[in-house]
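A quick write-up on the structure given underneath.
Labels below follow one simple rule: chain letters A, B, ... track the order of the sequence lines, proteins then strands, and each chain is numbered from 1.
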Amino acid sequence: MTTVVTENCKGCRFTDCVAVCPVACFHYDDEMLYIDPDVCIDCSACIPECPVEAIFEEDDLPEGQEQWIEINAEKAPDLPLIEEPMEALPEAEERKADLGF
Amino acid sequence: MSSLGDESSPLRVAIVGSGPSGFYATEALIKSGLNIEIDLIERLPAPYGLVRNGVAPDHPKLKQAIEVYKKVAKNPEFNFVGNVTVGVDIKAEDLQQTHHAVMYTCGAETDRRLGIPGEDLPGSHTATEFVGWYNGHPDYRDRTFDLSHETAVVIGQGNVAADVARILAKSVDELKHTDIAQHALDVLAESRVRTIYVVGRRGPAQAKFASKELKEFLEIENCRPYIAPEELELNPASQEEINSKEGRGNKKNVEIFHRFADSEDTGKQRICIATFLKSPQRLEGEARLQKVVFETNALTGEPFRQSARGTGQTMEIECGILFRSIGYNGVPVPGVPFYERWGTIPNEAGRITAEQDGPVVPGLYTAGWIKRGPSGIIGTNRACAVESVEALLEDIDQLNTDRPGREGLYKILDNNGVRHINFAQWEKIDTAEVAAGEPKSKPREKFTRQSEMLAVAES
Ligand SMILES: Cc1cc2nc3c(=O)[nH]c(=O)nc-3n(C[C@H](O)[C@H](O)[C@H](O)COP(=O)(O)OP(=O)(O)OC[C@H]3O[C@@H](n4cnc5c(N)ncnc54)[C@H](O)[C@@H]3O)c2cc1C
Ligand SMILES: NC(=O)c1ccc[n+]([C@@H]2O[C@H](COP(=O)([O-])OP(=O)(O)OC[C@H]3O[C@@H](n4cnc5c(N)ncnc54)[C@H](OP(=O)(O)O)[C@@H]3O)[C@@H](O)[C@H]2O)c1
Ligand code: SF4
Ligand code: SF4
């Protein structure tokens with residue numbers, strides 16, 4: 001079991017999730033965040049914090065999103081760590097509205 | 001003129017309580033980059049608060065949060081002062097004289113009461129005691145739990161209630177390779193409990209379980225989770241709740257409850273029954289608990305604000321043991337403001353106030369459960385501690401500058417004849433626990449007496 005960030009985080013990157021992560025396992029690139037499955041303790045603290053419902057427990061992933069398990073696992077370890085919330089991407093609010101949130 | 005936190009004048013902070021909030025406050029202070037000295041004071045010889053003494057033994061992954069705290073403890077700014085109870089071994093007022101700032105992160109260590117007749121009958125316990133006991137907390141080492149009766153009742157439907165029910169439901173084989181205390185394992189091995197009721201005062205859509213906790217019940221080897229299907233009929237307001245965005249988690253819970261209702265009787269040894277809309281009215285028994293009398297409830301109010309109203313009708317459950325799991329409560333530290341009603345230290349975003357909505361007391365801060373009340377998971381305390389540390393750092397120029405810090409603290413403790421241990425000594429205890437667990441294939445066998453821990457620490 002692990003917890004994964006999915007598509008919805010793209011181009012949005014509100015970082016509300018990061019503030020409550022007890023073990024600092026979020027990493028980021030220009031687009032979005034990824035969870036390092038080797039560090040994440042599956043506490044679920046981040047899930048309700050995400051304003052665009054981008055985070056899921058592995059066995060709770062909506063159909064067609066399974067590829068994100070691998071993407072998170074592959075990308076996270078080599079990317080920089082994010083421990084404190086940072087500013088959302090400029091187009092974040094717009095994207096949030098587009099996603100229907 | 002130099003100011004606190006400069007190279008020449010370290011900011012000296014005492015933090016009281018080494019659970020998650022104490023460690024996250026320490027981490028945030030260190031990250032400020034200031035010249036800082038932190039003394040993390042803990043009443044037990046062992047650090048980590050409820051991560052060690054609350055989180056269930058069969059959830060080892062969550063305890064990995066400790067790895068983060070170990071890293072924090074490696075910083076040269078950090079000093080652990082274990083086996084020291086603030087308010088007993090050193091006065092809160094004295095601590096204010098030794099450090100520039102004091103932050104209380106002492107958690108919520110007692111429980112709420114139901115306030116009903118029979119609550120103190122033998123056989124009626126709190127989840128707090130049971131959890132402390134199976135986790136080897138020294139305060140609860142000598143509690144006894146009589147599991148010789150077939151029926152157990154858990155009052156409350158939060159995650160702690162789920163932990164208690166799950167520990168009662170699991171077989172010893174499912175627990176014996178965890179860090180559960182040996183004395184608890186021995187008693188659970190003899191358990192004759194067959195039926196466990198988990199009783200909520202409101203409905204299925206209002207239960208506070210995390211869905212993940214609920215799902216686990218479907219995987220217990222020898223226990224069938226069950227709900228009478230008719231109990232899952234929802235009133236319109238509850239329907240509305242689970243269909244809205246904020247009700248995402250509750251909706252999942254209701255879905256899992258339906259799986260409980262559909263579960264087949266495959267002859268498992270135990271059954272765990274969730275039941276709703278019942279408030280305990282009194283506990284009855286001669287000499288010891290024999291039954292609980294409930295008043296049945298109906299929900300009234302707007303969606304998300306529904307409360308339970310008694311219908312005047314009652315029902316009974318015969319049982320031999322009961323655990324009330326209706327929430328924790330803060331314990332006042334003598335000399336520190338306390339708001340009885342909420343069981344918290346009154347504060348404004350982490351700055352302690354003389355009373356609820358009163359003026360700020362300079363130099364005093366708080367974080368974690370004692371600041372917010374007993375809710376939220378491990379990570380919640382990180383954001384909470386960061387907020388409190390931000391307040392402290394904003395106030396830095398107003399703090400009293402003349403404080404001896406560590407040296408002054410140790411002087412008082414030594415004058416008071418208090419035995420205290422540092423982090424290296426705790427690490428000795430830690431190593432000894434891990435070694436003691438090894439022959440039993442347990443991650444550790446905890447010491448459950450303070451005297452044993454101190455003997456190892458001082459060896
Ligand atoms: C039974 C149970 C199970 C839980 N399971 C989970 C879980 O699975 N996942 C999850 O994310 N969260 C879980 N939680 C919630 C989590 O444990 C809390 O959110 C968190 O521990 C609160 O942190 P804290 O630092 O405020 O308090 P605590 O962890 O309680 O730490 C307070 C510390 O202060 C010390 N102290 C108290 N008074 C004094 C004093 N006067 N002087 C010196 N020291 C003092 C105590 O000994 C303790 O070490 C659980 C909680 C409980 C009760
Ligand atoms: N695995 C985990 O993540 C985990 C494990 C354990 C604990 N924790 C966290 O630790 C915190 C504390 O958990 P908790 O279970 O102690 O608290 P909680 O989640 O607040 O649950 C308390 C339960 O007691 C009920 N209750 C309160 N007063 C009552 C009364 N007078 N009569 C009958 N029922 C009453 C509440 O019902 P109402 O809803 O009607 O008030 C609720 O069902 C929570 O935030 C929890 O999530 C997390
Ligand atoms: S809160 Fe959600 S959208 Fe924002 S960074 Fe975290 S996962 Fe991405
Ligand atoms: S589940 Fe917990 S540990 Fe994992 S990323 Fe989310 S907050 Fe961090």
Measure [X] against the heavy atoms of chain A and call it side chain, backbone, both or neither at under 4.5 Å.
X: B:Phe23; result: neither
X: B:Lys63; result: neither
X: B:Glu67; result: neither

Got more than 12 heavy atoms from elsewhere within 6.0 Å of [atom1], [X]?
X: A:Glu66; atom1: CD; answer: yes
X: A:Glu31; atom1: CD; answer: yes
X: B:Lys31; atom1: NZ; answer: yes

(request) Identify which part of A:Cys40 has an atom lying under 4.5 Å from any heavy atom of chain B, answering side chain, backbone, both or neither. (result)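 Backbone only.
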(request) Examine whether an atom of A:Glu57 lies under 4.5 Å from a heavy atom of chain B, and if so say whether it belongs to the side chain, the backbone or both; otherwise answer neither. (result)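 Contact with chain B involves the side chain of A:Glu57 alone.
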Where is the tightest heavy-atom contact between [X] and [Y], given as atom of each residue plus distance?
X: B:Val68; Y: A:Val23; answer: CG2-CA, 3.6 Å
X: B:Lys61; Y: A:Met1; answer: NZ-O, 3.2 Å
X: B:Ile378; Y: A:Pro22; answer: CG2-CB, 3.8 Å
X: B:Ala383; Y: A:Val20; answer: CB-CG1, 4.2 Å

(request) Would you sort out whether B:Lys212 and A:Ile47 count as a side-chain contact (heavy atoms from CB on, under 4.5 Å), showing the intermediate values? (result) CA-CA 12 Å; B:Lys212 196 194 273 159; A:Ile47 297 175; over 6 Å; no
(message) Quick check against the 3.5 Å criterion: does B:Arg382 have a side-chain atom that pairs as donor or acceptor with the backbone of A:Val18?
(response)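 Yes, because the side chain of B:Arg382 sits within donor-acceptor range (under 3.5 Å) of the backbone of A:Val18.
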(request) Check whether any side-chain heavy atom of A:Ile41 sits under 4.5 Å from a side-chain heavy atom of B:Leu62, and report yes or no. (result)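 Yes; the side chains approach each other to less than 4.5 Å.
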